[in-house]
Amino acid sequence: MLITKLKSKEDIQSLLPEKVFVLQCRGCGEISFPEQEADELTRELLAADRVTGVLTTDYICSPENLSLRLERRRAMIDEADGVLVLSCGVGVQTVSALLDGKSVYAGCDTVRLPGFQGVTPLEVDCGQCGECYLNLTGGICPITACSKSLVNGQCGGARNGRCEVDPDMECGWERICRRLEAVGRLDALKCPTQIRNFAIDANTSH
């Protein structure tokens, strides 16, 4: 089971561009998701005329099903400056992989618990880190996409885009850099490494 917590409204507002498409996951039955808080946030964004469209569904970590739903809303997504995803880290990464050239923003943190990780057949995982790094790395998790879980950039061992530890694996930080460049957010790499707030994990009642 996973516990997903909404980030503070202040943090979310500071991340978002002017216009967003909101994608909200209702979970897969194994996830504790803050539905009421997410609904309230969405209503506030709608009231402020910042939303081009809303999709509320389940299993957004299933790329085949989600891609069809997103295609039906392509005009709304294209109109938006970014997509706000309210889900666990697996869902955010799945959305990011499906929307090339569109900034994807994680509105939730996923708290560490052993067990179920979502249903996606992709090579996507969530480290359940508490305070999520996905907003700094273009929707690709540096903890799970990098064999060394580096959070401050590529190591010196990668060669020709392949991981030093596992040559069959693409370097996670090369993927992150390409993704940030594609969405025009390479400047995010100029920021110093964010120190994780472990209190998000500690203050969660299990």
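No hydrogens, no waters, no symmetry mates; every other heavy atom, side chains included, goes into these values.
- Across all non-hydrogen atoms, the minimal contact from Val90 to Cys61 is CG1-CB, 3.6 Å.
- Atom CH2 of Trp173 is separated from atom SG of Cys155 by 11.5 Å, given to the nearest 0.5 angstrom.
- Between Pro17 and Tyr105, the closest heavy-atom pair is CD-CE1, 3.5 Å.
- Separation of atoms CG (Leu41) and CG (Leu84) is listed at 6.0 Å; rounding is to 0.5 Å.
- Distance CG/Leu6 to CZ/Phe33: 7.0 Å, rounded to 0.5 Å.
- Checked against side-chain contact (heavy atoms from CB on, under 4.5 Å), Glu181 has the following partners two or more places apart in sequence or in another chain: Leu186.
- Nearest heavy atoms, Thr52 versus Ala80: OG1-CB, 3.5 Å.
- To the nearest 0.5 Å, atoms CZ (Arg69) and OG (Ser62) are separated by 8.0 Å.
- For Glu71 and Arg74, the salt-bridge test passes: some basic side-chain N is under 4.0 Å from an acidic carboxylate O.
- Within the structure, side chain to side chain donor-acceptor pair (under 3.5 Å) contacts touching residues 155-166 (residues at least two apart or in different chains) are Lys148-Glu164.
- A salt bridge is absent between Glu37 and Lys7: the closest approach of a Lys/Arg side-chain nitrogen to an acidic carboxylate oxygen does not fall below 4.0 angstrom.
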Candidate pair Leu45 and Gln13, rule side-chain contact (heavy atoms from CB on, under 4.5 Å), full reasoning
CA-CA 9 Å; Leu45 291 172; Gln13 294 282 6; 4.0 Å; yes
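- Pairs of residues two or more places apart, or lying in two chains, never qualify as salt bridge (charged side-chain N to carboxylate O under 4.0 Å, His left out) while including a residue from residues 86-96.
- Between Glu40 and Lys9 a salt bridge is recorded (basic side-chain N to carboxylate O distance below 4.0 Å).
- Closest non-hydrogen pair, Gly138 versus Ser96, comes out as O-OG, 3.0 Å.
- The SG atom of Cys177 lies 9.5 Å from the CD1 atom of Ile140; values are rounded to the nearest 0.5 Å.
- Taking Ile, Leu, Val, Met, Phe, Trp and Tyr as hydrophobic and joining them when side-chain heavy atoms fall under 4.5 Å apart, one finds Leu55 in a cluster with Phe21, Leu23, Ile60, Leu66, Leu70, Met76, Ile77, Val83, Val85, Val92, Val95, Leu98, Leu99, Val104, Leu134.
- Partners of Val54 by side-chain contact (heavy atoms from CB on, under 4.5 Å), not counting sequence neighbours, listed by chain and number: Val22, Thr42, Leu46, Val51, Thr56.
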Give the intermediate values and the outcome of side-chain contact (heavy atoms from CB on, under 4.5 Å) for residues Thr137 and Arg179.
CA-CA 8 Å; Thr137 55; Arg179 172 70 182 173; over 6 Å; no
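- The SG atom of Cys88 sits 15.5 Å away from the NZ atom of Lys5 when rounded to the nearest 0.5 Å.
- Side-chain contact between Cys132 and Thr110 is absent, with no heavy atoms from C-beta onward closer than 4.5 Å.
- Contact annotation: the side chain of Gln24 approaches that of Asp39 to within less than 4.5 Å [non-hydrogen atoms, C-beta and beyond].
- Listed here is the closest heavy atom pair of Gly107 and Ile12: O-CD1, 3.6 Å.
- Side chains of Thr57 and Arg26: no donor on one and acceptor on the other come within 3.5 Å.
- Not counting sequence neighbours, Asp81 has no partner by the salt bridge (Lys or Arg N to Asp or Glu O under 4.0 Å) test.
- Taking both residues in full, the closest heavy atoms of Ser147 and Val165 are given as CB-CB, 3.7 Å, listed atom of the first, atom of the second, then distance.
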Dump the intermediate steps for side chain to side chain donor-acceptor pair (under 3.5 Å) on Ser8 and Asp11, then the final yes or no.
CA-CA 5 Å; Ser8 72; Asp11 286 346; 3.2 Å; yes
